[in-house]
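Working notes for the structure below.
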Amino acid sequence: TANLAPETEILPAPGVYFGHLRRVDEGRGGQLHPVVTNVGYRPTFRDGRDLVAEAHLIDFSGDLYGLEVDLSFEGRLRGEIRFESVDALRAQIARDVEEARERLSTHPIGA
């Protein structure tokens, strides 16, 4: 998961989105990584003071810490939800990832 610190960007409404992430240092020709991104206040953890964006890279192994990235929001999966347990949250994330895989496989980039 990449915890993002948007600088001048405008974030969409709280919720869960699918899209792509690209490392800025790789330029426009860099590899696109499919992502599920949560934009919200982390209500399950009750620390909901600041709006955060957390991108879960699908099938990615590596370290992005400290790197600048571009993130696209290509579609919305659902609104933000408070879960009763971390296990319930994890189960929903797994469902979100599967739905994102399906939608990204049929959704042209940038459409």
Distance in Å, [X] [atom1] paired with [Y] [atom2], rounded so as to fall on 0.5 Å steps:
| X | Y | atom1 | atom2 | answer |
| --- | --- | --- | --- | --- |
| Tyr17 | Leu77 | OH | CG | 9.5 Å |
| Leu71 | His20 | CG | NE2 | 10.5 Å |
| Leu21 | Leu32 | CG | CG | 9.0 Å |
| Arg23 | His33 | CZ | NE2 | 7.5 Å |

[X] to [Y] - nearest heavy-atom pair and separation:
| X | Y | value |
| --- | --- | --- |
| Leu51 | Tyr41 | N-CE2, 3.5 Å |
| Pro34 | Leu104 | CB-CD1, 3.6 Å |
| Pro14 | Gly40 | CB-CA, 4.2 Å |
| Pro12 | Val39 | O-CG1, 3.6 Å |
| Arg76 | Phe18 | N-CE2, 4.1 Å |

Do Val36 and Glu99 pass the side-chain contact (heavy atoms from CB on, under 4.5 Å) test, and can you show the C-alpha distance, the side-chain angles, and the key distance before you say yes or no?
-> CA-CA 9 Å; Val36 172; Glu99 184 176 352; over 6 Å; no

Kindly work out whether a path of hydrophobic side-chain contacts (I/L/V/M/F/W/Y, heavy atoms less than 4.5 Å apart) joins Phe83 to Val86.
->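 Hydrophobic grouping puts Phe83 with Val86.
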
Indicate, with yes or no, if Leu11 and Val24 share a hydrophobic cluster defined by side-chain heavy-atom contacts under 4.5 Å among Ile, Leu, Val, Met, Phe, Trp and Tyr.
->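 In one cluster: no.
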
Check each of Thr37, Val69, Leu64 against Leu57 using the side-chain contact (heavy atoms from CB on, under 4.5 Å) test, and report the only one that passes.
->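 Of the listed residues Thr37, Val69, Leu64, the side-chain contact (heavy atoms from CB on, under 4.5 Å) partner of Leu57 is Leu64.
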
Tell me, with the steps shown, if Gln92 and Arg78 meet side-chain contact (heavy atoms from CB on, under 4.5 Å).
-> CA-CA 11 Å; Gln92 181 61 54; Arg78 62 177 174 83; 3.5 Å; yes

Decide, yes or no, whether a salt bridge links Arg95 with Glu98 under the criterion of side-chain N to carboxylate O below 4.0 Å.
->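 Glu98 and Arg95: not salt-bridged.
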
